[in-house]
Amino acid sequence: MNKKPTIVKCPQCSTEVVWGEDSPFRPFCSKKCQLIDFGEWADEENSIPGAPDMSDADGWSEDQY
């Protein structure tokens with residue numbers, strides 16, 4: 001039985017990528033797109049929404065209540 005390969009779009013450039021062993025950078029199409037994405041995360045251009053970091057707030061303390 002021939003299974004149709006799963007195809008995804010590269011999150012960086014939208015090139016179609018086969019999701020399999022032949023695509024070592026999946027979901028990216030290449031090392032270049034993978035590094036561009038990594039750089040955006042490292043520069044904090046990308047983020048996952050969540051609660052604010054309270055460690056720098058005035059009311060934060062390591063002391064137990």
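Throughout, numbering of the chain's residues begins at 1 and tracks the sequence. All values derive from a computational prediction rather than experimental measurement.
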query = Transitive ILVMFWY cluster of L35 at side-chain heavy atoms under 4.5 Å: who else is in it?
reply = none
Would you tabulate the side-chain donor-acceptor contacts of residues 40-48 under 3.5 Å, counting partners in other chains and residues two or more places apart, or write 'none'?
residue, atom, partner, partner atom, Å
E40, OE2, Q12, NE2, 3.4
W41, NE1, D37, OD2, 3.4

ask   = With K4, which residues qualify under side-chain hydrogen bond (donor to acceptor under 3.5 Å, both in side chains), at least two apart?
value = none
Please set out all donor-acceptor pairs under 3.5 angstrom arising from side-chain atoms of residues 13-28, sequence neighbours excluded.
residue, atom, partner, partner atom, Å
S23, OG, V18, O, 2.6
R26, NH1, G20, O, 2.5
R26, NH1, S23, O, 3.0

